[in-house]
Amino acid sequence: MAHDALDAWLDQIEADTADAPTLREISERFLQTRHALLGACLEAVIRRRYAQALQQTEAVCACGRRLFRRRFDAKQISTLHGTITLQRPYFYCDVCEQGFHPLDAKLALADRHHQFDIQERTTRLGADLPFGLSADQFAHLTGVATSSHFIHETLNAVGETATRERVIPDAAEISRRIEQAQAGATRRPVLVVACDGAHAPTRPPGGRKTKRGPGRWCEAKGFRLYLLGKDQRVIHLASWHQIGDKAQLSTALGVVAARLPRERVRIALVGDGADWIWDVLLAHFPEGEQILDYYHCAEHVYETARAQYGDGTLEAQEWAEAALTRLCLNHLGETTGGLLRMKPRSPEAEEAIRKLSIYLAGHAGRLGYAELRRRGLPRGSGGIESANKLICHVRLKRSGAWWLEANGNAMLRIRCAVYNGTFDQIFADYMASHGAKTVQP
Ligand SMILES: [Zn+2]
């Protein structure tokens with residue numbers, strides 16, 4: 001059968017192509033017609049490997065009764081290699097009032113027309129590109145036509161099945177990455193735990209065509225854990241982002257916290273000034289070294305300098321640099337003392353000085369950047385900010401895109417899984433729950 005298909009296909013290629021086709025012309029022609037050939041090959045393999053199952057006359061029901069084949073049912077299945085039609089034996093148990101196709105389970109068919117090989121790739125593509133563009137690119141690269149609606153629906157279903165327990169790497173994988181960070185290092189690797197918020201465009205429920213309420217920006221909260229190995233090399237451990245509140249983020253952080261062998265790492269907590277971040281981090285890692293993100297801190301210092309000495313003046317720069325140097329050396333007392341003695345030049349300057357004093361007092365013990373550096377600890381939350389951008393912004397913030405919270409979160413779980421190296425396991429979970437259903441006539 002496969003040989004005949006090959007002969008027919010070659011004859012057709014001969015007939016279709018011009019006298020002196022270019023390589024590209026031949027390649028394009030292959031792409032347009034290969035499904036006819038590969039589909040026949042696929043069918044031939046199934047016929048050969050499942051010869052018995054295709055002709056099965058008897059089956060045993062879950063209840064133990066012996067059943068006889070009722071009929072054959074046709075099912076059209078679309079794969080990366082073309083669409084074929086299978087005639088599957090059908091069995092029905094009168095007592096259980098349930099029917100089934102044993103071959104569907106053996107082949108692990110999907111309940112939808114497009115099978116899992118296609119679904120896996122469109123989901124990965126849809127996680128990176130807008131859905132319409134994903135459908136176009138997928139068709140262009142594979143010759144298989146799907147729709148943006150199909151890609152969106154499948155991605156939502158994969159994202160709904162993905163739990164945070166599975167999106168976050170398991171204890172064995174975390175341990176393996178710690179080992180990797182430990183290689184060649186003399187000290188225990190530093191585990192950086194950082195939290196941050198990002199803005200996600202969301203919309204209230206409502207039909208696509210009917211008028212719906214205005215979109216609004218919600219906070220997507222996230223954390224990232226990564227290891228600093230030899231030469232400060234970054235080894236990613238886990239990311240999690242979710243449109244939701246502090247309590248939900250804390251629950252997710254609890255999942256990864258429980259999988260960490262703490263004695264094998266030195267824990268560093270990094271955050272900007274926001275109080276919720278410190279609450280969440282300290283709830284799970286009370287022993288962690290606390291570090292206020294240097295760049296946020298510097299921003300506040302520069303703001304105060306500008307308010308007091310004017311934007312872009314030499315005085316402002318000198319003051320800010322002196323203040324930051326003292327903070328780096330952990331001379332907090334000198335800095336706050338200096339602030340107290342400052343004579344505000346305007347009401348705005350007074351307000352800025354007051355705010356900086358409160359800010360620094362609130363983060364005492366989270367500064368001292370010079371010492372942190374000596375100990376190989378980070379001083380910034382650049383790691384979480386790049387994760388925010390990579391995971392949330394590049395896909396959620398598209399012009400005109402406003403997300404239903406549930407769909408936005410499904411997307412974030414998938415993007416985190418890709419980033420965490422757990423996409424294969426969440427897709428396996430999805431396949432297990434979206435196989436072809438037994439049929440009830
Ligand atoms: Zn039965």
Side-chain angles (χ1 to χ4, degrees), residues 9 12-13 16-17 21-39 41-42 76-85 109-162 200-203 206-210 212 215 241 389-419 423-424 426-427 430-431 434:
W9 181 71
Q12 204 198 343
I13 294 282
D16 286 353
T17 44
T22 62
L23 179 64
R24 173 146 188 243
E25 282 165 350
I26 300 172
S27 170
E28 292 299 331
R29 194 71 194 118
F30 273 28
L31 196 66
Q32 287 159 14
T33 58
R34 70 196 173 97
H35 288 161
L37 172 66
L38 291 174
C41 294
L42 181 68
Q76 213 189 42
I77 57 172
S78 158
T79 76
L80 281 173
H81 312 292
T83 300
I84 60 171
T85 302
L109 297 184
D111 54 358
R112 313 189 67 163
H113 172 60
H114 293 306
Q115 295 300 301
F116 291 130
D117 55 350
I118 291 176
Q119 293 185 31
E120 194 259 348
R121 282 159 179 84
T122 58
T123 299
R124 280 185 183 269
L125 208 51
D128 273 333
L129 298 175
F131 299 116
L133 191 55
S134 299
D136 291 347
Q137 294 287 31
F138 186 70
H140 185 65
L141 293 172
T142 65
V144 178
T146 62
S147 66
S148 67
H149 179 71
F150 163 80
I151 297 179
H152 194 176
E153 260 197 346
T154 309
L155 185 137
N156 279 346
V158 175
E160 270 163 31
T161 329
T202 65
R203 66 175 174 92
R208 282 200 163 270
K209 296 197 178 78
T210 55
R212 54 181 194 240
H241 292 263
K389 199 171 144 202
L390 261 166
I391 292 175
C392 300
H393 294 169
V394 297
R395 185 64 184 88
L396 293 187
K397 280 189 185 175
R398 293 269 181 172
S399 59
W402 294 90
W403 300 77
L404 283 176
E405 190 177 312
N407 294 353
N409 276 332
M411 176 62 85
L412 288 174
R413 284 194 290 275
I414 291 174
R415 289 184 61 80
C416 285
V418 170
Y419 204 48
F423 180 83
D424 287 344
I426 66 153
F427 196 78
Y430 164 76
M431 287 194 291
H434 286 73

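If you read the sequence from its start, that first residue is 1, and numbering goes on from there. Nothing here was measured: the structure is a model prediction, and the numbers come from that model.
- Smallest separation of non-hydrogen atoms from L396 and A200: CD1-CB, 4.0 Å.
- In this structure, the side chain of Q137 does not engage the main chain of S134 through any donor-acceptor pair within 3.5 Å.
- Note that CG of L129 and OG1 of T122 are 12.0 Å apart. Values are rounded to the nearest 0.5 Å.
- With a 4.5 Å cut-off on side-chain heavy atoms, L37 and F30 do not count as touching.
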Checklist entry - Is there a side chain to side chain contact (heavy atoms under 4.5 Å, CB included) between V144 and H35 once you walk through the steps? => result CA-CA 9 Å; V144 178; H35 288 161; 3.6 Å; yes
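- Between R112 and E153 there is a salt bridge, since at least one side-chain N of the basic residue sits less than 4.0 Å from a carboxylate O of the acidic one.
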Checklist entry - Could you walk me through whether Q115 and L109 pass the side chain to side chain contact (heavy atoms under 4.5 Å, CB included) check? => result CA-CA 7 Å; Q115 295 300 301; L109 297 184; 3.7 Å; yes
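- In this structure, K397 NZ and W403 CH2 are separated by 13.5 Å, a value rounded to the nearest 0.5 Å.
- Note on ring orientation: taking the six-membered ring where Trp is involved, the planes of F427 and Y430 are tilted (angle from 30° to 60°).
- For H149, the NE2 atom is loosely surrounded, since the number of other residues' heavy atoms within 6.0 Å does not exceed 12.
- The two atoms that bring T85 and Q76 nearest to each other are OG1-CG, 3.6 Å, heavy atoms only.
- The minimum heavy-atom distance linking R34 with L80 is given by the pair NH2-O, 4.4 Å.
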Next on the checklist: Determine whether R124 and E120 satisfy the following criterion, salt bridge (Lys or Arg N to Asp or Glu O under 4.0 Å), listing intermediate values before the conclusion.
Outcome noted: CA-CA 6 Å; R124 280 185 183 269; E120 194 259 348; 2.8 Å; yes
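- For the pair L155 and M411, the minimum side-chain heavy-atom distance is below 4.5 Å.
- Heavy atoms only, all atoms of each residue included: Y419 and L390 are closest at OH-CD1, 3.5 Å.
- Heavy-atom minimum distance, A127 versus I414: CB-CG2, 3.9 Å.
- Using a 4.0 Å cut-off between a side-chain N of Lys or Arg and a carboxylate O of Asp or Glu, E28 and R24 qualify as a salt bridge.
- Between the CD1 atom of I77 and the CG atom of D117 there is a distance of 9.0 Å, given to the nearest 0.5 Å.
- The backbone N or O of T79 sits nowhere less than 3.5 Å from a side-chain atom of T83 that would complete a donor-acceptor pair.
- Taking the charged nitrogens against the carboxylate oxygens, D128 and R121 have no contact shorter than 4.0 Å, which rules out a salt bridge.
- Closest heavy-atom contact between I391 and R415: O-NE, 2.8 Å.
- With sequence neighbours excluded, no residue forms a ring pair (Phe, Tyr, Trp, His ring centres under 6.0 Å) with F138.
- In this structure, Q12 CD and T33 OG1 are separated by 6.0 Å, a value rounded to the nearest 0.5 Å.
- By the 30° and 60° cut-offs, the orientation of the rings of F131 relative to H152 is parallel.
- For the atom pair CG of N156 and CD1 of I151, the computed distance is 12.0 Å after rounding to the nearest 0.5 Å.
- One distance of note links CD1 of I118 with NE2 of H113; it measures 7.5 Å at 0.5 Å rounding.
- Residues passing the ring pair (Phe, Tyr, Trp, His ring centres under 6.0 Å) test with H81, sequence neighbours excluded: none.
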